[in-house]
Amino acid sequence: MQTRVLTGITTTGTPHLGNYVGAIRPAIEASRRDDVDAFFFMADYHALIKSEDAQRIERSRLEIAASWLAAGLDPQRVTFYRQSDIPEIPELTWFLTCITAKGMLNRAHAYKAAVDRNTETGEDADAGITAGLYMYPVLMAADILAFDAHKVPVGRDQIQHIEMARDIGQRFNHLHGHEFFVLPEALIEEHVATLPGLDGRKMSKSYDNTIPLFAGGTKQLREAIMRIVTDSRLPGEPKDPDSCALFTIFRAFASEAETLAFRQALLDGIGWGDAKHVLYERIEADVAPMRERYEAFMADPAAIETILQQGARKARAIATPKIAALRDALGLRSASTAAAVARQPKAASRQDKMPRFASFRDVDGNFRFRLFSAEGEELLLSIPFADPKAAGALQKRLKTLGAAGAVLQIQPQGMILELDGEHAASTPDYRDEQSRDQALVQLRQALDQLAAQD
């Protein structure tokens, strides 16, 4: 049985080392395994949220396609496409939008960060925030759920979006009484999922601190590495590898033996200039052959377009029947089909559904569960357990006790559920007292329904 792995990069700017290490390389490596069915896409719809420069987006799409192909992507083995070539994705985005809780989107990191910035400067909370930014998690969920991806390689800052995709897919499945969507999991390379940039912060186009992957050639790569910020320790003074951006980047490209040798050189007091030269030589050894292939692809955009159109046909062969099934489930079927369905016995109504638990294993390997209302709204998230039986025992207790047996502690951002004086689970964040009161009523009703059912 194959695992479907899906990844993509937003088409703004030029690919940098962080893109390569955090997304391109691990996904390509995974795609070479016989047990992996790999999907790669250029997220050009997402790019519209971040950029209004049409020429920049067009150029970036070409550069990113060339980068993936140069890095070893085999278009015969994988499904490689542009997001904008798949009309089923925006259609699915709307289907999912209609069942996604606004409260969950309020908690999205990017939206909350934008609100916080406005608040700090005395602006209206939503000043300058587009609906595109707000709805970003739903579009990302559609990217993933349209193809039933099992694994999505992401950096740690993107884990929340994968969790949201799971929640949205799970809610749709619950509301419509069928497992329409596979629920994805985040795939993270622990040591190199996020690289530091020139200033020590996460390497990001937003911070303008990136090291280009191919653009500018050897000269620009060397110059960028020489600009990496270091401390004032002189040659001969020991350096701390664990707080050193040079070491973190080096480790992402080096073998274990090379990493140990570079660590020892830092401890022995290698000068920063020499250390940067060592880092440059190590990266250039990997990048130089890829750069040559990249430049050949950039000189032949028609060849890239042919590859992308072939990939779009493969992708739509999966997405088109998926959307057709969802249309039927939502009542958007043709009149003749609707008449045939009307003659069949009706399924249970939404009112017949009950609150339910959904168990999962988080990225740290612990076992947790969520409690959803009959309408699919997330009400509780349990604490992590090393033993799945302990998580199951807590679910059983909640089913038995009902609302009267649980103590709820109201916190500034959410509620803590306690059993026997111990923290057992927590509610999602709420923005104001009204949403808190609504959440409290929903939770108590759900717990009482479970207890009555039990």
Point to revise | Asp148/Lys322 ion pair, N-O < 4.0 Å | key: yes
Practice item. Could you please spell out the steps behind the side-chain contact (heavy atoms from CB on, under 4.5 Å) verdict for Ile211 and Leu198? Key: CA-CA 7 Å; Ile211 300 173; Leu198 300 179; 3.7 Å; yes
Check your understanding: Would you call Glu284 and Arg222 a salt bridge, taking side-chain N to carboxylate O under 4.0 Å as the test?
Key -> no
Point to revise | Leu187 and Val154: CA distance, side-chain angles, deciding distance, side-chain contact (heavy atoms from CB on, under 4.5 Å) verdict | key: CA-CA 6 Å; Leu187 181 63; Val154 292; over 6 Å; no
**Study point:** Side chain proximity check, Lys112 to Val115, heavy atoms < 4.5 angstrom
**Key:** no
Review point. Would you say the side-chain atoms of Gln309 pair up with the backbone N or O of Thr306, donor to acceptor, closer than 3.5 Å?
Key: no
Revision key, fill the gap. Between the CG atom in Leu379 and the CG atom in Leu371, the distance rounded to the nearest 0.5 Å is 5.0 Å
Point to revise | Ile323 backbone acceptor or donor facing Glu88 side chain under 3.5 Å | key: no
Review point. Under the side-chain contact (heavy atoms from CB on, under 4.5 Å) criterion, do Gln76 and Gln310 qualify, and how do the steps go?
Key: CA-CA 9 Å; Gln76 300 304 314; Gln310 290 172 347; 4.2 Å; yes
Review point. Between atom CZ of Arg166 and atom CD1 of Ile144, what is the distance when rounded to the nearest 0.5 Å?
Key: 11.0 Å
Review point. Closest approach of Phe147 and Ala319, non-hydrogen atoms and distance?
Key: CE2-CB, 3.8 Å
Check your understanding: Can you pull the ring-ring contact (aromatic ring centres under 6.0 Å, His included) pairs that have at least one residue in residues 270-303, sequence neighbours excluded?
Key -> Phe214-Tyr294
Review point. Do Tyr134 and Asn106 get their side chains close enough for a donor-acceptor pair, meaning under 3.5 Å?
Key: yes
Review point. Can you name the closest pair of heavy atoms from Ile86 and Ala315 and give their distance?
Key: CD1-CB, 3.8 Å
Practice item. Could you pull out the closest heavy-atom pair between Ala275 and Leu246, with the gap in Å? Key: CB-CD1, 3.9 Å
Point to revise | CA sep, side-chain torsions, deciding dist, call: Ser243, Asp240, side chain to side chain donor-acceptor pair (under 3.5 Å) | key: CA-CA 6 Å; Ser243 62; Asp240 179 12; 3.1 Å; yes
Review point. For Thr7 and Pro153, which heavy atoms make the closest approach, and how far apart are they?
Key: OG1-O, 3.5 Å
**Study point:** Note, Arg356 side chain near Gln170 side chain (heavy atom, < 4.5 Å)
**Key:** yes
Review point. Aromatic rings Tyr81 and Phe39: how do their planes relate, parallel, tilted or perpendicular, breaks at 30° and 60°?
Key: perpendicular
Exercise for review: Side-chain contact test, heavy atoms from C-beta onward, threshold under 4.5 Å: evaluate it for Arg107 versus Pro428 and give yes or no.
Suggested key: yes
Review point. Considering residues, nucleotides and ligands other than Glu292, do more than 12 of their heavy atoms fall under 6.0 Å from its CD?
Key: no
Review point. Can Arg117 and Glu123 be said to form a salt bridge (charged side-chain N to carboxylate O under 4.0 Å, His left out), step by step?
Key: CA-CA 8 Å; Arg117 286 193 297 270; Glu123 296 277 356; over 6 Å; no
Exercise for review: Look at the side chain of Asp274 and the backbone N and O of Gly271, then say whether any donor-acceptor pair between them is shorter than 3.5 Å.
Suggested key: no
Review point. Do you know the tightest heavy-atom contact between Ala66 and Met298?
Key: CB-SD, 3.7 Å
Review point. Taking atom types as modelled and ignoring hydrogens, do the side chains of Tyr111 and Asp116 form a donor-acceptor contact shorter than 3.5 angstrom?
Key: no
Check your understanding: Could you walk me through whether Tyr45 and Asp143 pass the side-chain contact (heavy atoms from CB on, under 4.5 Å) check?
Key -> CA-CA 10 Å; Tyr45 281 150; Asp143 293 329; over 6 Å; no
Revision key, fill the gap. Rounded to the nearest 0.5 angstrom, the CD1-OG distance for Ile416 and Ser426 is 5.0 Å
Check your understanding: Are Leu17 and Met203 close enough that some pair of their side-chain heavy atoms sits under 4.5 Å apart?
Key -> yes
Exercise for review: Decide yes or no for His178 and Asn173: does some side-chain heavy atom of the first lie under 4.5 Å from some side-chain heavy atom of the second?
Suggested key: no
Check your understanding: Would the His46 and Tyr136 ring centres measure less than 6.0 Å apart?
Key -> yes
Check your understanding: Considering residues, nucleotides and ligands other than Asp124, do more than 12 of their heavy atoms fall under 6.0 Å from its CG?
Key -> yes
Exercise for review: For the pair Arg370 and Asp167, find out whether any cationic side-chain nitrogen is under 4.0 Å from an anionic carboxylate oxygen.
Suggested key: yes
Review point. Are side-chain N/O atoms of Thr259 and Glu256 paired as donor and acceptor at under 3.5 Å?
Key: no
Check your understanding: When rounded to the nearest 0.5 angstrom, what distance separates CZ in Arg282 from CD1 in Ile249?
Key -> 13.5 Å
Review point. Below 4.5 Å, heavy atoms only, C-beta onward: do Leu92 and Leu326 meet side chain to side chain?
Key: yes
Exercise for review: Indicate the ring-plane relationship of Phe172 and Phe180, choosing parallel, tilted or perpendicular according to the 30° and 60° boundaries.
Suggested key: perpendicular
Exercise for review: With the side chain counted from C-beta on, respond yes when Asn118 and Ile129 share a heavy-atom pair under 4.5 Å apart, and no when they do not.
Suggested key: yes
Check your understanding: Does Arg82 pair with Glu305 as a salt bridge, N-O distance under 4.0 Å?
Key -> yes
Check your understanding: Going by an N to O cut-off under 4.0 Å, is there a salt bridge joining Asp286 and Arg25?
Key -> no
Point to revise | side-chain hydrogen bond (donor to acceptor under 3.5 Å, both in side chains) partner of Asp37, chosen from Arg4, His150, Arg77, Gln2 | key: Arg4
Check your understanding: Taking Asp44 for the side chain and Ala47 for the main chain, is one N or O donor matched with an acceptor at less than 3.5 Å?
Key -> no
Point to revise | Side-chain H-bond candidate by donor/acceptor type, Thr218 with Arg291, under 3.5 Å | key: yes
Exercise for review: Measure the CZ-OG1 distance between Phe41 and Thr11 for me, rounded to the nearest 0.5 Å.
Suggested key: 10.0 Å
Exercise for review: Could you tell me whether a side-chain N or O of Arg368 sits under 3.5 Å from a main-chain N or O of Ser359, the two making a donor and an acceptor?
Suggested key: no
Practice item. Evaluate whether atom CD of Glu223 has more than 12 neighbouring non-hydrogen atoms of other residues, nucleotides or ligands under 6.0 angstrom away. Key: yes
Check your understanding: Does Asp268 pair with Lys239 as a salt bridge, N-O distance under 4.0 Å?
Key -> no
Point to revise | Nearest heavy-atom neighbours spanning Asp85 and Arg316 | key: O-CD, 3.8 Å
Check your understanding: Is there a side-chain contact between Arg293 and Pro289, using heavy atoms and a 4.5 Å cut-off?
Key -> yes
Check your understanding: Looking only at atom types and distance, does a side-chain atom of Glu237 sit under 3.5 Å from a main-chain N or O of Leu234, one as donor and one as acceptor?
Key -> yes
Check your understanding: Rounded to the nearest 0.5 Å, how far apart are CG of Leu279 and CZ of Phe262?
Key -> 6.0 Å
Point to revise | Atom CZ of Arg59 with >12 non-hydrogen neighbours under 6.0 angstrom | key: no
Review point. Between Thr14 and Glu63, is any side-chain donor less than 3.5 angstrom from a side-chain acceptor?
Key: yes
